[in-house]
A.B. asks: 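One structure, as structure tokens, below. Some questions next.
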There are 2 protein chains.
Amino acid sequence: MDKEISQAVVSRLPRYFRYLGELKASGVERISSQELSDIMKVTASQIRQDFNNFGGFGQQGYGYNVEYLYDEISKILGIDKKHQLIIIGTGNLGTALAGYTNFSTRGFVFKGAFDCDPALQGKMIGDVEIRPIEEIEDFIKKNNIDIAVLTIPKEQAVPMADRLIKAGIKAIWNFAHVDLDVPENVQVENVHLSDSLMKLSYNINRYERFHGGKK
Amino acid sequence: MDKEISQAVVSRLPRYFRYLGELKASGVERISSQELSDIMKVTASQIRQDFNNFGGFGQQGYGYNVEYLYDEISKILGIDKKHQLIIIGTGNLGTALAGYTNFSTRGFVFKGAFDCDPALQGKMIGDVEIRPIEEIEDFIKKNNIDIAVLTIPKEQAVPMADRLIKAGIKAIWNFAHVDLDVPENVQVENVHLSDSLMKLSYNINRYERFHGGKK
DNA sequence: TAGATTGTTAATCGATTAACAATC
DNA sequence: TAGATTGTTAATCGATTAACAATC
């Protein structure tokens, strides 16, 4: 038991969670895998397989209780607990992420912001003051920070990641366009925006190739 | 021939492109699949399979010419051509994306910005003026816009996507936390930031479960 | 020519889908 | 009890890896 869950499955969990949240909000009490399949456009079989990786959440002849399933998935995702996070690099993107109230409702608490630009230090993002980079290690330890959001240029991201790891960070949400090499006790999630945009470009290109190019 | 390429392969192309760009910049002329494998931490076999989906870019006994391969991948990704894009929703995130000079170097040209807030209309993002939503359809047609970047709240995203599709947009880069339903001639690439953060949370949680919880 | 390394076929592995017995 | 729907095993499909003949 407690076998490793494939990342393919993990990637689908937030989407289940989102749909269940919407169903719950609109007062739906129970749902079958077939109904969910119709809404989400994935097979009922996959839904049942996915949930059964974590134990039986349903009941034969009835289906799944929406609220119960929602709560269980939130536990699986670990968003029933609070996560303290800091943002490193307070450019436009860092500031945008800091402002995501959406995150705070999911238990991600924005505790600190850091920037190497002295002109920014002392300014506020919401109710958090921008601090100099030198204070990072202390801050992480004193405030029990779990997650560092890296929104700094790629040249600085690798040495910064090493610093964060030494300071005991648990996870890095990496927006810098570089692959980080971390030990297995540190989790990394990359958001490579330009990769995403290139995929979009590929798909535009592919569609035009197959369907008679530009008109 | 010209068979459909799996999205698994497409997802890897931007990463190849990035590494090849770095190799090229540091003056490397040729590289074998084995050398690239060592650097990128993927199997040499996968590298050769991936490239061969698009034709033979290498030469037996020699390997791959870095510059040639880089250029070929840029053509496959369609980033050898210019893409005109507009940003809809000029909050922090929209503004951050508008400022990505990185994109302009890859042929993505930021042509217009739109927001429903009259207080923002008329203001500038770089050298682009924020316009009222009403002008979108006209603007798309007159300026040959390919891509719309959606950085608006999820409630507005679905009707906005419909409007954009009617106006002839080719692709939507969707940052709203909702699934868009589009016809097959419109490409969508989702960036669901909160899904990404939940995956990170899952992985923190999983690691702690397997390795003795918090210390 | 001999050595290196690709392009490509075959084998393996893993993920998705289908089927159905268990059971509410 | 009969009907519905899960949990789970088996079958299929697709993606990755291994192997090696082709060839530069």
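Side-chain atoms are counted along with the backbone in the values below, which use heavy atoms only and exclude waters and symmetry mates.
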A.B. asks: Look at A:Tyr64 and D:dG7 and indicate whether a side-chain polar atom (N or O) is within less than 4.0 Å of OP1 or OP2.
C.D. replies: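 Yes, A:Tyr64 has a side-chain N/O under 4.0 Å of OP1/OP2 on D:dG7.
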
A.B. asks: Under 6.0 Å between ring centres: does that hold for B:Phe108 and B:Tyr100?
C.D. replies: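 Not under 6.0 Å, so no.
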
A.B. asks: Below 3.5 Å, does any donor atom in the side chain of A:Gln49 face an acceptor in the base of D:dT9, or the other way round?
C.D. replies: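 Between D:dT9 and A:Gln49, which were checked side chain against base, a qualifying N/O pair under 3.5 Å is present.
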
A.B. asks: Of B:Val9 and A:Gly61, whose closest DNA chain D nucleotide lies nearer the 5' terminus?
C.D. replies: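 Taking each residue's closest nucleotide, the earlier one in sequence belongs to A:Gly61.
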
A.B. asks: Rounding to a whole Å, what distance do you find between B:Asn53:CG and C:dT9:C1'?
C.D. replies: 14 Å

A.B. asks: Figure out the CD/P separation between B:Gln7 and C:dA15, and round it to whole Å.
C.D. replies: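 Taking CD of B:Gln7 and P of C:dA15, I get 18 Å after rounding.
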
A.B. asks: Please give, in whole Å, the distance from D:dT6 P to A:Glu72 CD?
C.D. replies: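 In whole Å, D:dT6 P lies 16 Å from A:Glu72 CD.
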
A.B. asks: Counting Watson-Crick and G-U wobble pairs only, both distances under 3.5 Å, name the nucleotide matched with C:dC13, or none.
C.D. replies: D:dG14

A.B. asks: Starting at atom CG of A:Asp50, determine the distance to atom C1' of D:dT8, rounded to an integer number of angstrom.
C.D. replies: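 Rounded to whole Å, this separation is 14 Å.
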
A.B. asks: Would you indicate whether B:Lys24, at its atom NZ, is surrounded by more than 12 heavy atoms from other residues, nucleotides or ligands within a distance under 6.0 Å?
C.D. replies: yes

A.B. asks: Find the distance B:Gln34:CD to D:dA19:P and express it as a whole number of Å.
C.D. replies: 14 Å

A.B. asks: Output the rounded distance in Å from CG (A:Leu36) to C1' (D:dT6).
C.D. replies: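 In whole Å, D:dT6 C1' lies 14 Å from A:Leu36 CG.
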
A.B. asks: Which pair of non-hydrogen atoms, one from A:Glu137 and one from A:Ala167, has the smallest distance, and what is that distance?
C.D. replies: CG-CB, 3.8 Å

A.B. asks: Using only side-chain N and O atoms of B:Arg30, determine if any of them is under 4.0 Å from OP1 or OP2 of C:dT5.
C.D. replies: yes

A.B. asks: Applying the Watson-Crick and G-U wobble criteria at under 3.5 Å, what pairs with C:dA4? Answer none if nothing qualifies.
C.D. replies: D:dT23

A.B. asks: In terms of side-chain heavy atoms of B:Gln59, which of C:dT6, D:dC24, C:dA19 is nearest?
C.D. replies: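 Closest nucleotide among those given: D:dC24.
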
A.B. asks: Taking any heavy-atom pair under 4.0 Å as a contact, classify B:Phe51: base, sugar-phosphate, or nothing.
C.D. replies: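 The answer is nothing, as B:Phe51 stays clear of every strand by at least 4.0 Å.
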
A.B. asks: Write down the distance between CD (A:Glu35) and C1' (D:dT6), rounded to a whole number of angstrom.
C.D. replies: 13 Å

A.B. asks: Is A:Tyr62 near enough to D:dG7 that one of its side-chain N or O atoms lies under 4.0 angstrom from OP1 or OP2?
C.D. replies: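 So the side-chain polar atoms of A:Tyr62 never come under 4.0 Å of the phosphate oxygens OP1 or OP2 of D:dG7.
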
A.B. asks: From C:dC24, C:dC20, C:dT16, pick the nucleotide closest to the side chain of A:Gln60?
C.D. replies: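 The closest nucleotide is C:dC24.
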
A.B. asks: Hey, can you tell me if B:Phe175 and B:Trp173 have their rings parallel, tilted or perpendicular (30° and 60° cut-offs)?
C.D. replies: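 Rings of B:Phe175 and B:Trp173: perpendicular, as their planes differ by over 60°.
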
A.B. asks: Would you please classify the geometry between the B:Phe57 ring and the B:Phe51 ring as parallel, tilted or perpendicular, with 30° and 60° separating the classes?
C.D. replies: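 Tilted: the ring planes of B:Phe51 and B:Phe57 meet at 30° to 60°.
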
A.B. asks: Between D:dA18 and B:Ser45, counting only base atoms on the nucleotide and side-chain atoms on the residue, is there a donor-acceptor pair under 3.5 Å?
C.D. replies: yes

A.B. asks: Thinking salt bridges, do A:Asp80 and A:Lys75 make one under a 4.0 Å N-O criterion?
C.D. replies: no

A.B. asks: Could you state the atom-to-atom distance from CZ of B:Phe54 to P of C:dG7 in whole Å?
C.D. replies: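 B:Phe54 atom CZ is separated from C:dG7 atom P by 14 Å.
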
A.B. asks: Looking only at side-chain N and O atoms, does A:Ser33 come under 4.0 Å of OP1 or OP2 in D:dT6?
C.D. replies: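 So the side chain of A:Ser33 is within the cut-off, an N or O lying under 4.0 Å from OP1 or OP2 of D:dT6.
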
A.B. asks: Between B:Gly58 and A:Thr43, which has a closest nucleotide on DNA chain C that is more 5'?
C.D. replies: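 Counting from the 5' end, the first nearest nucleotide belongs to B:Gly58.
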
A.B. asks: For A:Arg48 and D:dG7, is the shortest distance between a side-chain N/O and OP1 or OP2 below 4.0 Å?
C.D. replies: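 So the side-chain polar atoms of A:Arg48 never come under 4.0 Å of the phosphate oxygens OP1 or OP2 of D:dG7.
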
